[in-house]
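These notes concern the structure reproduced below.
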Protein chains: 2
Amino acid sequence: MNDVEQIIESLRRKQLRITPQRELIVRALTDVDDDEHQTAEEIHARVQASTSAVNIATIYRTLDMLVEEGLVTRVDLGGGKEVFATVQHGMHMHLVCRQCGHVLDADTQVLQDVRQYLVAEHGFSADLEHISLFGMCEACKQLTSSHEEL
Amino acid sequence: MNDVEQIIESLRRKQLRITPQRELIVRALTDVDDDEHQTAEEIHARVQASTSAVNIATIYRTLDMLVEEGLVTRVDLGGGKEVFATVQHGMHMHLVCRQCGHVLDADTQVLQDVRQYLVAEHGFSADLEHISLFGMCEACKQLTSSHEEL
DNA sequence: TTCACTGCAAAACGTTTGCATGTAT
DNA sequence: ATACATGCAAACGTTTTGCAGTGAA
């Protein structure tokens, strides 16, 4: 059973309706070449490429529903940019380059100490499964150091 | 020399113009009683409380300028919510409760290992000075465990 | 005097909503 | 048959922009 079928099956179990639109949206969410996360607009564009068109409002409503049902994660990349991915993508952090906008995925293992510290010190249960960190990637650092402008 | 004067003096050195509006905005940024970070709208409201009114467009343009000049930090609290604070506030992380929206400040010392790991493993220089982490605060955890609804 | 800055209003932007229609169950 | 989901268009809240006028240097 692939990712699409898994999600569709979950919806069926939850007595939620399986519409052609929802199938297209779920397919778009899982049909990611590398393993990128997409904005609502990107998912919309990908769905439009199919035979039938789906209204943007439906994209938003369906994404909200999938997030609410715990089948999809909503990740805030900062600057008001939200991206979506199926939960199958697993936990990882996003290293967002402020310069070029490129997003690199990294392991969250190193954050375990932080999680424990926050609970012990502040009683705060941090959700570190899809955290976004901002900074500068290797390529942009080299470009900046060679230019050294401004 | 207080915070306001420091920023004004920086602007003067950079040959940028000191207008009454800019003074009011800088004053609003530093006149923080309890809550140290404010949205553009909150700053606008605080400035309006003064004798003269300042247009919201000026608030945005001035904040952008101050951030660009490195005098103010723009912090993304997620959900498209951006807040601003003078750089004098120093480095700390924001623990944002998804339930009640309350923001707790915490020490970033514990993140030093993470920073080193990211540089060593991915060549990524993370800006951890004003990071936001999402999760659930102590108070909301207790409420949830007692209700156990949904 | 000059040109950066401001106010105003309009536009842009991504997202949400109300309502009539359509359709999965 | 009956909810529930969809399309459409309009509303939304926040941020940005063009332009003419103002004022700091």
Side-chain angles (χ1 to χ4, degrees), chain A residues 4-5 7-29 37-48 50-69 71-72 74-84 101, chain B residues 5 7-28 37-48 50-69 71-72 74-84 101:
Chain A
V4 178
E5 290 164 342
I7 294 175
I8 298 295
E9 188 50 38
S10 296
L11 291 180
R12 207 184 305 280
R13 266 200 305 277
K14 290 162 183 283
Q15 316 251 44
L16 292 161
R17 299 195 175 163
I18 322 294
T19 64
Q21 291 90 335
R22 290 183 172 183
E23 278 193 49
L24 285 167
I25 292 168
V26 170
R27 197 175 312 275
L29 273 164
H37 299 63
Q38 307 164 79
T39 63
E41 288 289 355
E42 284 163 355
I43 292 165
H44 186 219
R46 199 181 278 256
V47 166
Q48 298 301 58
S50 298
T51 44
S52 69
V54 177
N55 192 274
I56 185 71
T58 301
I59 305 280
Y60 282 107
R61 284 190 279 228
T62 301
L63 287 172
D64 283 349
M65 180 272 290
L66 291 171
V67 169
E68 198 133 313
E69 299 300 330
L71 302 169
V72 161
R74 182 198 306 268
V75 180
D76 200 305
L77 289 187
K81 192 166 190 183
E82 271 185 345
V83 291
F84 298 85
Chain B
E5 289 165 343
I7 294 175
I8 298 295
E9 188 50 38
S10 297
L11 293 180
R12 205 184 305 280
R13 267 199 304 277
K14 290 160 183 283
Q15 315 250 45
L16 292 161
R17 297 195 177 164
I18 320 294
T19 64
Q21 291 90 336
R22 290 183 171 183
E23 279 193 47
L24 285 167
I25 292 168
V26 170
R27 197 176 309 276
H37 300 69
Q38 305 164 82
T39 63
E41 287 290 355
E42 285 164 354
I43 292 165
H44 186 219
R46 198 181 280 255
V47 167
Q48 298 301 60
S50 298
T51 43
S52 68
V54 177
N55 192 274
I56 185 72
T58 301
I59 305 281
Y60 281 108
R61 284 190 279 227
T62 301
L63 287 172
D64 283 349
M65 180 272 290
L66 291 170
V67 169
E68 197 133 315
E69 299 300 331
L71 302 170
V72 161
R74 183 198 305 271
V75 180
D76 201 304
L77 290 187
K81 190 166 190 183
E82 272 185 346
V83 292
F84 298 84

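In what follows, chains carry the letters A, B, and so on, assigned in the order in which the sequence lines appear, proteins first and then strands, with residues in each chain numbered from 1.
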When all nucleic acid strands are considered with a 4.0 Å heavy-atom cut-off, which category describes Arg61(B): base, sugar-phosphate, or nothing? base

Closest of dG7(D), dT14(D), dA5(D) to the Arg22(A) side chain is dA5(D)

For the side chain of Asn55(A), starting at C-beta, report the closest nucleotide among dC8(D), dG7(C), dA5(D). dC8(D)

Check salt bridge (Lys or Arg N to Asp or Glu O under 4.0 Å) between [X] and all other residues, then give those that pass, not counting sequence neighbours.
| X | value |
| --- | --- |
| Glu23(A) | Arg27(A) |
| Glu69(B) | Lys14(B) |
| Arg12(A) | Glu9(A) |

[X] has an atom [atom1]; how far is it from atom [atom2] of [N], in whole Å?
| X | N | atom1 | atom2 | value |
| --- | --- | --- | --- | --- |
| Lys81(A) | dT14(D) | NZ | C1' | 19 Å |
| Glu82(B) | dG14(C) | CD | C1' | 14 Å |
| Glu23(B) | dG23(D) | CD | P | 15 Å |
| Leu11(A) | dT25(C) | CG | P | 10 Å |
| Ile59(B) | dC8(C) | CD1 | P | 13 Å |
| Met65(A) | dA3(D) | CE | P | 20 Å |
| Ile56(A) | dG7(D) | CD1 | C1' | 13 Å |
| Leu24(A) | dT6(D) | CG | P | 11 Å |

For DNA chain C, which residues of residues 12-19 of chain B approach it to below 4.0 angstrom with any heavy atom? Leu16(B), Arg17(B), Thr19(B)

Check side-chain contact (heavy atoms from CB on, under 4.5 Å) between Glu41(A) and all other residues, then give those that pass, not counting sequence neighbours. Thr39(A), His44(A), Ile56(A), Tyr60(A)

Heavy-atom side-chain proximity of Asp76(B) to Asp76(A) below 4.5 angstrom: yes

Does a side-chain heavy-atom distance below 4.5 Å link Met65(A) with Leu11(A)? yes

Salt bridge (Lys or Arg N to Asp or Glu O under 4.0 Å) pairs touching residues 54-63 of chain A, sequence neighbours excluded, are none

When the nearest nucleotide of DNA chain D is assigned to Gln21(A) and to Gly80(B) on a heavy-atom basis, which residue is associated with the more 5' position? Gln21(A)

